[in-house]
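Structure first, commentary second.
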Amino acid sequence: MENTRKIKNAYFQRQLTGTQSAIGLLVLLPLYAIFGSRIATALMKLSMVLFDYRLTRTALSSYLNLVFGIMMLILLVLLLRGYLKDNWKDFMKNKRSIFIKGLMTFVLVYLANYIGTIVVMLMGGASDSANQAGIEQILSRVPVPMILYAVLVGPVVEELMFRGVIFTTLRRRHRKLAYTITALAFGLAHVYASILSGNVSEIVQIFPYFFAGLVFCYSYESSNNIFASIIGHMGNNLVAVLLALFI
């Protein structure tokens with residue numbers, strides 16, 4: 001058992017500097033997970049006051065959300081540029097195995113979401129979260145910016161933030177704690193807005209995201225490459241978008 005643990009610890013080699021961890025956890029994580037929606041809302045209200053847009057509130061919100069996501073992506077890439085360079089080099093050397101791991105991640109995340117939804121329904125919750133319902137509503141009205149965010153920008157930002165920053169920082173200290181805290185933070189980031197708005201029952205919707213977060217952590221750790229979890233995340237979101245648009 002001890003030898004197995006040592007092998008797992010030796011295989012996972014990703015590390016961040018103390019500065020990267022501090023900026024990621026203390027600055028970028030709160031900016032994205034806590035203040036992101038508020039900043040986007042404030043920008044939307046300011047834009048509607050200052051400019052005479054011929055856009056609906058939903059459309060403007062969707063475009064601003066995409067802009068905020070791109071801004072977060074740029075900040076994360078600047079912070080993690082050395083880390084990303086190393087991951088990219090390994091990805092180019094092992095494209096086939098990492099891509100296959102990404103596809104396996106997609107399948108496992110689908111199963112994790114299914115199990116999480118069953119848990120939610122057993123606890124009396126709805127089959128879809130408020131977050132998912134909101135995304136589907138925006139997709140039906142303003143599909144382009146939401147597709148760009150959900151399939152391309154969002155998965156990269158979330159993987160760099162939750163797996164790249166949180167999991168990598170905690171993994172050096174305690175493996176199980178890294179899995180638990182990262183998945184929990186990932187889940188809370190998707191439901192906290194609804195809870196703060198007064199829909200406390202939405203807390204049960206954390207389970208599908210929590211289980212999916214565990215899978216993404218495993219994908220990243222077992223492949224030793226952040227691009228495996230990014231591929232799986234993109235694939236999961238792409239299928240979800242297609243289902244929302246055409247079914």
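FYI, the numbering just counts along the sequence from 1.
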*State yes or no: do Val204 and Val200 share one hydrophobic cluster built from I, L, V, M, F, W and Y residues joined by side-chain heavy-atom distances below 4.5 Å, directly or via other members?*
no

*asked:* Can you confirm whether the side chains of Thr105 and Tyr220 place a donor and an acceptor under 3.5 Å from each other?
replied: no

*Group every Ile, Leu, Val, Met, Phe, Trp and Tyr by side-chain heavy-atom contacts under 4.5 Å, then state whether Tyr149 and Ile147 land in the same group.*
yes

*Among the clusters formed by ILVMFWY side chains lying less than 4.5 Å apart, do Ile230 and Leu75 turn up in the same one?*
yes

_For a 4.5 angstrom cut-off between non-hydrogen side-chain atoms, does Phe12 reach Phe167?_
yes

*Please round to the nearest 0.5 Å and tell me the distance separating atom CD1 of Ile195 and atom CD of Gln205.*
10.0 Å

*asked:* Using side chain to side chain contact (heavy atoms under 4.5 Å, CB included), reason through Leu160 and Leu73 one step at a time and then give a plain yes or no.
replied: CA-CA 8 Å; Leu160 292 182; Leu73 178 59; 4.2 Å; yes

*Do we see a donor-acceptor contact under 3.5 Å between the side chains of Glu221 and Tyr11?*
no

*asked:* Less than 3.5 Å apart, any donor N or O on the side chain of Ser129 or Tyr209 sitting next to an acceptor on the other?
replied: yes

*Where do Val156 and Leu152 come nearest, in terms of heavy atoms and distance?*
CG2-O, 3.2 Å

_Distance-minimising heavy-atom pair for Ala112 and Val215_ = CB-CG2, 3.9 Å

_Give me the atom names and distance for the closest heavy-atom approach of Gly102 to Ile231._
CA-CG2, 3.9 Å

_Measuring from atom CD1 of Ile166 to atom CZ of Arg171, what distance do you get when rounded to the nearest 0.5 angstrom?_
16.0 Å

*Can you check whether Leu28 reaches Leu79 side chain to side chain, under 4.5 Å on heavy atoms?*
yes

*Any side-chain heavy-atom pair from Leu80 and Val165 closer than 4.5 angstrom?*
yes

*Is it true that a side-chain atom of Tyr192 and a backbone atom of Ala33 form a donor plus acceptor pair closer than 3.5 Å?*
yes

*Atom of Lys95, atom of Met92 and distance for their closest heavy-atom approach*: NZ-O, 3.1 Å

*Any chance you could measure Leu188, atom CG, to Ile206, atom CD1, to the nearest 0.5 Å?*
3.5 Å

*Does a donor on one side chain sit under 3.5 Å from an acceptor on the other, for Glu202 and His190?*
no

*Nearest 0.5 Å, what's the CG-CD1 distance between Leu170 and Ile181?*
5.0 Å

*Where the side chain of Gln20 meets the backbone of Thr17, is there a donor-acceptor pair that is under 3.5 Å apart?*
yes

_Closest approach of Phe210 to Leu184 (non-hydrogen atoms, all atoms of both residues)_ = CD1-N, 3.6 Å

_Check whether Ser97 reaches the backbone of Asn94 with its side chain - one donor and one acceptor, N or O, closer than 3.5 Å._
yes

*Kindly say whether Gln137 contributes a backbone atom to a donor-acceptor pair with the side chain of Ser140 at under 3.5 angstrom?*
yes

*asked:* Atom OH of residue position Tyr110 - does it have more than 12 heavy atoms of other residues, nucleotides or ligands inside 6.0 Å?
replied: no

*Test Asn113 against Asn236 for side chain to side chain contact (heavy atoms under 4.5 Å, CB included), laying out the working first.*
CA-CA 10 Å; Asn113 283 327; Asn236 179 72; 3.5 Å; yes

*Before giving the answer on salt bridge (charged side-chain N to carboxylate O under 4.0 Å, His left out), spell out for Asp90 and Arg14 the whole-Å C-alpha distance, their side-chain angles and the decisive distance to 0.1 Å.*
CA-CA 11 Å; Asp90 289 343; Arg14 301 301 168 196; 2.3 Å; yes

_Non-hydrogen side-chain atoms of Leu139 and Val241 separated by less than 4.5 Å_ = yes

*Quick one: does Asn237's side chain have a donor or acceptor within less than 3.5 Å of a partner on Ala150's backbone?*
yes

*Lys101 and Ser219: side-chain donor and acceptor closer than 3.5 Å?*
no

*Any chance the side chains of Gln15 and Tyr83 put a donor and an acceptor closer than 3.5 Å?*
no

*asked:* Quick check for you: to the nearest 0.5 Å, what is the distance between Leu16 atom CG and Ser21 atom OG?
replied: 4.5 Å

*Classify the ring geometry between Phe216 and His233 as parallel (under 30°), tilted (30 to 60°) or perpendicular (over 60°).*
parallel

*Kindly say whether Thr169 contributes a backbone atom to a donor-acceptor pair with the side chain of Arg173 at under 3.5 angstrom?*
yes

*So Leu31 and Met71, side chain to side chain contact (heavy atoms under 4.5 Å, CB included) or not? Walk me through it.*
CA-CA 11 Å; Leu31 178 63; Met71 182 194 78; 4.3 Å; yes

_Test item: Glu136 side-chain N/O and Leu245 main-chain N/O as donor-acceptor pair under 3.5 Å_ = no

*asked:* Between Phe99 and Met234, is there shared hydrophobic-cluster membership here, with clusters defined by ILVMFWY side-chain heavy atoms closer than 4.5 Å?
replied: yes

*Gap separating the CG atom of Asp86 from the CG atom of Asn224, nearest 0.5 angstrom*: 10.5 Å

*asked:* Side-chain heavy atoms nearer than 4.5 Å, only ILVMFWY residues, links allowed to pass through others: does that put Val77 and Val67 together?
replied: no

*Any chance you could lay out the side chain to side chain contact (heavy atoms under 4.5 Å, CB included) test for Phe186 and Met161, step after step, and finish with the verdict?*
CA-CA 9 Å; Phe186 181 67; Met161 183 67 72; over 6 Å; no

*asked:* Does any part of the side chain of Phe211, heavy atoms only, come nearer than 4.5 Å to the side chain of Leu111, both counted from C-beta?
replied: no

*Hey, does the side chain of Ser229 reach the backbone of Ile226 with a donor-acceptor pair shorter than 3.5 angstrom?*
yes

*Check Thr182 against Cys217 and note the closest heavy-atom contact, atom names and distance.*
CG2-SG, 3.6 Å

_Quick one: does any side-chain atom of Asn199 pair with a main-chain N or O of Ser194 as donor and acceptor, under 3.5 Å?_
no

*Should Asn65 and Pro145 count as side-chain neighbours, where that means a heavy-atom distance under 4.5 Å?*
no

